[in-house]
Each structure stands twice: as C-alpha cells, then as structure tokens.
Asks: 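Just passing along the structure, written as structure tokens.
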Amino acid sequence: MGTALVYHEDMTATRLLWDDPECEIERPERLTAALDRLRKCGLEQRCLRLSAREASEEELGLVHSPEYVSLVRETQVLGKEELQALSGQFDAIYFHPSTFHCARLAVGAALQLLDAVLTGEVQNGLALVRPPGHHSQRAAASGFCVFNNVAIAAAHAKQKHGLHRILIVDWDVHHGQGTQYLFEDDPSVLYFSWHRYEHGRFWPFLRESDADAVGRGQGLGFTVNLPWNQVGMGNADYVAAFLHLLLPLAFEFDPELVLVSAGFDSAIGDPEGQMQATPECFAHLTQLLQVLAGGRVCAVLEGGYHLESLAESVCMTVQTLLGDPAPPLSGPMCPGVHPECLCRSGPTLEEPPAASDYDSELSLDVTPVQTSPSTHSSEGRPPPLLPGGPVCKTAASALSSLFDQPCLHPAPPVCPAVALTAPDITLVLPPDVTQQEGSALNEETEAWAKPHESLAQDEALTALGKLLYLLDGMLDGQVSSGIVATPPSAAAATLDVAIQRGLSHGAQRLLCVALGQLDRPPDLVHDGRILWLNIRGKEAAALSMFQVSTPLPVLTGGFLSCILGLVLPLAYGFQPELVLVALGPAHGLQGPHAALLTSMLRGPAGGRVLALLEEDSTPQLAGILARVLHGEAPPSLGPYSVASPEDTQALRYLRGQLEPQWKMLQVTSEADCRVSSSLRGLKLAKVGTFTPQK
Ligand code: X5A
Ligand code: ZN
C-alpha cells in the first residue's frame with residue numbers, strides 16, 4: 001500500500017493583488033517550492049500522484065453555510081477594488097478572482113486523499129493545497145483560509161464512510177480556531193492543536209486558544225489545546241508533547257483515521273512561528289502518528305512561510321509516510337531549553353547541523369554529532385539569556401547552513417533483513433524484505449562465542465554467525481534493521497555478543513531493550529555508552545541512569561504508559577545509534593505489543609533496530625516484526641484498559657528517580673502541565689462514558 005500525493009497546479013493561481021504586509025507571505029511559491037523539492041529528492045516519483053478535483057457545493061455545505069459559499073462564489077467576478085474591500089471585512093484575508101476555484105480544489109484534494117485512504121487504495125498521503133483551511137469557520141474566512149479543508153474531510157469521513165472516531169492533529173503554529181469551533185461539541189472528532197500563544201498576545205489573540213478550552217456538551221474533553229507561551233520551541237518540546245500529551249489521549253481514543261492539519265510554520269526559520277524545530281522533527285511527528293488508526297494518516301498542508309524550511313519539512317513528512325525511517329534528531333533533547341539558551345551553552349547551534357550530519361544517517365563511522373546525555377543532563381537548564389549579544393546571528397547562520405544544500409536526503413534507505421536460523425519457520429514477508437543468507441566467518445564466530453558456554457552448540461553458533469553478519473551490515477549502512485532468531489538458551493549470550501560487537505565497531509550509544517529473563521551482562525562497560533532497559537516483570541529499579549528495570553504491565557493502558565512515558569523518552573533522550581530489542585525467555589509480550597514497541601523504537605535511532613527473537617517464537621511474530629521494521633503500521637492493541645494501580649505506581653517511581661537526569665521524562669513547559677491538569681478530570685470521566693463503537 002502506497003502514499004498518495006494530491007495536487008493541482010491551478011492552486012498556484014490565487015495571490016495577493018495589493019499591498020498587505022500581513023498577507024503577503026501566503027504566496028504561490030509555497031506550493032512550487034515544496035513540489036520542486038519533492039521531485040528533486042525522488043519522493044514525488046515514489047507516490048501515487050492524484051490530480052485534485054473541485055469539491056462540490058454540497059461538500060462545502062458539510063461545514064459552511066450556503067450564504068457564505070455564495071459570498072465566496074461571487075468573488076469570482078469582482079474587480080480588484082471590490083475584492084480588497086470584501087477582504088477587509090475578514091481578519092488576515094485576501095480574495096483573488098481565482099480564490100473560489102483554488103479553494104474548491106483545496107477541499108477537493110483533501111477529499112480525494114481521504115477517499116483513496118478509506119477505500120484502501122493507498123495507506124496514507126499528503127494533499128499540497130492553497131489556500132489553507134484551519135482558520136476558516138462556518139460563515140467566515142480567516143487567516144488566509146477560505147474553506148476548512150480538513151474539517152470538511154472529517155465531516156465527509158463521518159457522513160460518507162461512516163467513521164466514528166477521527167483524530168485531527170493540528171501541528172501548524174497557529175491555533176486552528178475554525179476547526180475547534182466546528183467540532184467543539186462533537187465527541188467523534190478529537191481535535192489537538194499546539195500553537196504559539198504568548199498568553200494571548202499572538203494571532204488570532206483568542207481566549208479560547210488556551211489550555212482550558214476542552215470542548216463542550218457531548219464534546220467535552222475532545223478538544224485539546226497546547227498553547228506555547230514562548231517562542232523557540234524545538235525538537236525536544238514537540239516530541240515530548242506528542243509522547244506525554246497527545247499520544248496517551250490518542251491511543252485511548254483509538255481513532256479510525258488521523259487527519260493532520262500540516263502547517264510547517266512551526267518549523268525553524270518561519271517568520272510567523274519563530275520556533276526551532278528542524279525539518280527532521282516532522283518525520284518523527286509523522287512516524288509517531290503512523291502507529292495510530294492502522295497507519296491511515298491524511299496530511300493536508302496549512303501554513304509554512306519559509307520556503308526552504310517548508311519544502312524540506314514537506315519532504316520529511318512524505319518520506320516518512322512512504323515508510324522510510326526518520327532521520328535522527330540533532331541537538332540535545334532537552335524540552336524547555338530554548339534557543340537563546342542553546343546558543344550560549346550548547347554546541348548545537350554553534351556547530352550547526354551540516355551536510356555531513358545528514359550524510360552520516362546510515363553510517364556509524366562518522367563521529368556522532370550529538371552531545372552525550374551525561375554532558376547535557378547533569379547541570380539542569382542553562383542560565384537565562386543575557387540581553388543582546390550574538391544569539392540571533394548564531395541562529396541565523398545555523399539556519400543558512402541548514403538549508404544550503406540542494407537536497408539533504410541520502411539515497412533511498414535500505415530495507416530490513418531477516419536472518420532466521422530455524423528452517424521450519426516460513427514467513428510471509430513483505431516482498432522487499434531480504435532473507436539474509438550470509439554469515440560471519442566461522443573463525444570469527446567461534447572467537448566471539450568462546451567465552452560463552454551457552455554458545456557452544458551448533459545451533460547457537462549458526463545463529464551467532466548470522467547475527468554478526470547482520471549487525472555488521474547495519475553498522476556499515478547496508479541494511480537498516482533486522483531480525484535474528486536464536487535458541488532460547490543462547491539468548492542472553494547472543495545479546496551480550498551483539499552489544500560487544502556494536503561497541504567494538506565504534507558505536508557511541510547503544511540502547512538495549514530486554515524483555516523477559518535477560519540480565520544485564522555482568523562485565524558490560526558503565527561509561528554511558530549502553531543504556532540497558534529491562535522490561536521483565538520483577539520490581540521497578542533504576543540502578544543508575546543507564547540501567548533501568550521495570551515490571552511488564554499486563555493491561556494495555558499500563559503497557560502504553562510504560563512505552564510512551566518511560567521507554568521512548570529515555571530512548572529519545574539517549575539518541576542511540578543502534579537499538580537492540582531482545583524478546584528473551586518468558587517475555588510475555590503479545591504480537592501487537594511487540595510490534596508497537598519495535599515500531600516506535602525505530603524513531604530514536606534512525607531506524608537502526610535489531611530484534612532478537614527466540615527460535616520457537618511463532619512465524620507470525622517474526623513476520624509482524626519484519627513488517628513494522630519495513631515501515632508498516634503495527635496492528636491495533638485491542639480494547640483499551642486503564643493501567644493498574646501497581647503499574648502506575650511503578651512508573652511514577654521510576655520517572656521520579658530518573659527525571660533529574662533524563663529531561664525528556666519531564667512533562668515539558670508550564671503550558672503542557674496546565675493542559676494535563678485541565679484534562680485530567682475529563683480524561684477519567686471519559687473512560688467511564690466513552691464507549692468505542694467498532
Ligand atoms: C494558515 C496560517 C496564518 C495567518 C496569520 C495571520 N494562517 N497573521 O498559517
Ligand atoms: Zn499557521
């Protein structure tokens with residue numbers, strides 16, 4: 001199943017015909033820049049190209065009043081003066097004789113994308129549209145938006161496809177007040193928006209953009225606003241907001257479809273947003289959403305006014321929709337540490353991400369660029385900004401070198417390999433997953449096996465040979481990820497060898513997630529190169545910031561809290577070059593849970609995940625892991641059940657222990673805390689009253 005790209009050249013027609021400094025940023029070049037970049041990077045060619053159609057007036061009527069539709073229709077015949085006069089009746093709006101046509105194409109593009117996804121023609125996609133939609137209301141244009149593309153798509157998904165639960169994620173830097181108004185009393189649409197707010201001093205200056213607007217009537221609890229009261233939010237803030245706020249709610253909501261109001265004015269360089277998130281961050285946001293709704297994600301362009309940043313962020317989004325692993329995030333992952341601070345203390349913006357950082361994506365031979373966690377975690381937040389100084393200059397030079405290259409993408413990523421030893425495991429693998437035949441040389445394999453009694457028998461040696469070969473392929477960048485099956489008795493020793501081999505190959509940070517009865521190898525180095533996380537069903541303990549164990553929660557809610565609230569924040573904070581996921585003896589994990597964990601662990605390590613299974617695991621398990629490593633969506637976890645009190649307590653204890661060192665565990669910023677507290681009561685109320693209708 002593929003990715004659709006919906007577009008129509010006519011949408012470049014609408015443009016500002018008079019002087020208006022507020023509106024001039026919404027230009028035709030926004031679309032051409034994005035499309036050109038998609039072509040140059042070979043991404044457009046990998047998509048199913050769909051030509052946008054015009055939405056019908058009936059479709060516009062799903063959310064807009066007939067009078068408003070007539071008003072916009074009539075702008076087609078107006079002259080410049082009349083257009084300007086009418087535009088003045090709305091907030092931040094310009095009309096052009098082509099506006100009605102373009103705006104109908106924009107809605108039509110969103111609908112076409114939605115239909116392609118909901119009929120199963122494609123898995124996901126992006127509609128590249130102008131004008132944008134999320135500020136548009138039932139009877140009003142606003143903020144460059146004429147018709148609400150995403151809202152009409154949601155209404156259509158309910159009406160024509162019978163959907164019951166739709167998640168709208170609005171990552172544009174402005175509050176989509178139009179979308180909020182249209183669904184505020186509707187519990188079948190969960191609307192999430194983060195936005196620059198600055199305590200109400202940023203456009204659209206609305207009280208109802210604040211965190212305490214949570215919907216009303218039946219829709220109470222189904223509107224979630226995360227206002228940013230400062231500019232300069234970066235990768236760590238965005239990822240933390242998804243992990244700690246959006247995703248826990250989204251998993252509980254269990255959407256059948258995810259619509260993204262994909263504005264890229266929340267990216268670095270944008271004059272409106274003044275934020276710091278790099279284009280790669282949108283790959284991560286996309287990947288985090290792809291674990292929902294069976295991967296049915298429809299992204300529709302909203303804002304984004306820095307052409308380079310916009311184009312690159314669009315590419316990151318499409319590349320991820322296509323299933324490629326997200327490139328690693330650069331810079332220390334510390335939520336709440338904002339650019340002024342970074343410029344003064346961190347190496348990131350002083351040594352801006354350069355071409356080589358992107359080239360190193362699939363190669364571990366390059367010296368890692370990130371600060372190690374031990375240097376940025378021990379001293380807390382850097383001192384506040386001193387007035388004046390070189391701050392902005394540094395940020396600007398970081399930005400220019402970030403966008404200097406014509407195309408930042410490496411060659412299309414290599415596919416996962418599966419190295420299985422037991423011949424009786426036959427798999428239904430995706431066609432481009434390679435069944436690895438190769439093996440390390442016998443001498444080398446025996447040398448690695450020597451210290452381990454459990455690796456003496458032939459079967460264990462064969463598995464080890466395959467593992468070493470696969471691991472070298474991953475570390476050298478020939479394969480992105482892989483699966484190896486070992487005899488159960490050899491699991492611990494095989495994992496030990498994998499870690500040692502990774503270190504001797506020069507890996508600087510290796511994350512090991514061990515499930516079941518697998519102890520940390522006793523003679524492992526304690527120098528911060530290995531983060532050992534054991535999810536095994538005994539007690540919660542943090543022996544050090546690099547050695548953590550937690551019980552395996554039995555209920556779905558507990559499992560999700562453990563993944564979203566502990567495993568992924570640690571993983572994103574650690575920024576590993578390689579992740580080993582080992583399903584050891586008595587791991588107790590069901591297929592869908594293992595698939596979700598493995599799928600999400602692709603994020604922090606640029607897709608380099610090696611899964612170790614036991615030989616007697618079912619072929620289905622190996623198959624499902626191969627598919628998620630290949631970029632497919634994990635299967636649903638089944639009905640949601642709230643975490644048990646014991647699981648919640650264990651998690652809270654561990655987070656308390658580890659929070660001082662691992663900043664990604666902290667629920668970011670004051671605003672975020674306020675959202676959580678305004679939702680807490682509602683979320684609990686919802687668990688009792690909200691019954692998913694499948
Ligand atoms: C879609 C979008 C922004 C309007 C800003 C007006 N609109 N100052 O990004
Ligand atoms: Zn915007």
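Values reported hereafter were calculated over all heavy atoms of this structure, with side chains retained and with hydrogens, waters and symmetry mates removed. Predicted, not measured: the structure shown is a model, and the values here were computed from it. One-based numbering, in listed order, for ligands and for the atoms of each.
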Asks: With a cut-off of 4.0 Å, which atoms of ligand 1 are near a heavy atom of A92?
Replies: 6 (C)
Asks: Leaving waters out, which protein N, O or S atoms fall under 2.8 Å from the Zn ion (ligand 2)?
Replies: D172 OD1, D172 OD2, H174 ND1, D265 OD2
Asks: Is ligand 1 under 4.0 Å from a heavy atom in the side chain of E26, in the backbone, in both, or in neither?
Replies: neither
Asks: Between E302 and ligand 1, is there a nitrogen or oxygen pair with a distance under 3.5 Å?
Replies: no
Asks: Could you check whether H101 and D10, counting side-chain N and O atoms only, form a donor-acceptor pair closer than 3.5 Å?
Replies: yes
Asks: Angle between ring planes, F192 versus W194, binned at 30° and 60°: parallel, tilted or perpendicular?
Replies: perpendicular
Asks: Counting neighbours of CZ on R216 that are heavy atoms of other residues, nucleotides or ligands and sit closer than 6.0 Å, is the number greater than 12?
Replies: no
Asks: Which heavy atom of the protein is the closest neighbour of atom 1 (C) of ligand 1, given with residue, atom name and distance?
Replies: Y305 OH, 3.4 Å
Asks: Hey, which atoms in ligand 1 end up nearer than 4.0 Å to a heavy atom of E272?
Replies: 5 (C)
Asks: Among H195, E184, H135, H134, exactly one meets side-chain hydrogen bond (donor to acceptor under 3.5 Å, both in side chains) together with Q177. Which residue is that?
Replies: H135
Asks: List the atom of S209, the atom of H175, and the distance in Å for their closest heavy-atom pair.
Replies: OG-ND1, 2.7 Å
Asks: Over all heavy atoms of both residues, which pair between V129 and A109 is shortest? Give the atoms and the distance, please.
Replies: CG1-CB, 3.7 Å
Asks: Go through ligand 1 atom by atom and flag the ones less than 4.0 Å from a non-hydrogen atom of P132.
Replies: 1 (C)
Asks: At a 4.0 Å threshold, what atoms of ligand 1 neighbour a non-hydrogen atom of H135?
Replies: 1 (C), 2 (C), 3 (C), 7 (N)
Asks: Working to the nearest 0.5 Å, report the span between CD1 of I25 and CZ of F144.
Replies: 4.0 Å
Asks: Does the ring center of H174 lie less than 6.0 Å from the ring center of F202?
Replies: yes
Asks: Among all protein non-hydrogen atoms, which one is nearest to atom 7 (N) of ligand 1, and what is the separation to 0.1 Å?
Replies: G143 O, 3.0 Å
Asks: Relative to ligand 1, is D172 under 4.0 angstrom through side chain, backbone, both or neither, heavy atoms considered?
Replies: side chain
Asks: Got a second to check how far C298's SG is from L113's CG, nearest 0.5 Å?
Replies: 4.0 Å
Asks: Considering non-hydrogen atoms only, spot the tightest contact between P248 and L564 and give its length.
Replies: N-CD1, 3.8 Å
Asks: Can you name the atoms of ligand 1, numbered from 1 with element, that are less than 4.0 Å from a heavy atom of G303?
Replies: 1 (C), 9 (O)
Asks: Which protein heavy atom lies closest to atom 6 (C) of ligand 1, and at what distance to 0.1 Å?
Replies: E22 OE2, 3.4 Å
Asks: Classify the ring geometry of W18 against Y94: parallel below 30°, tilted from 30° to 60°, perpendicular beyond 60°.
Replies: perpendicular
Asks: So for H134, does at least one of its heavy atoms come nearer than 4.0 angstrom to any atom of ligand 1?
Replies: yes
Asks: Which salt bridge (charged side-chain N to carboxylate O under 4.0 Å, His left out) pairs, counting each pair once, include a residue from residues 105-115, with sequence neighbours left out?
Replies: none
Asks: Near D265, which atoms of ligand 1 are under 4.0 Å from a heavy atom of that residue?
Replies: 9 (O)
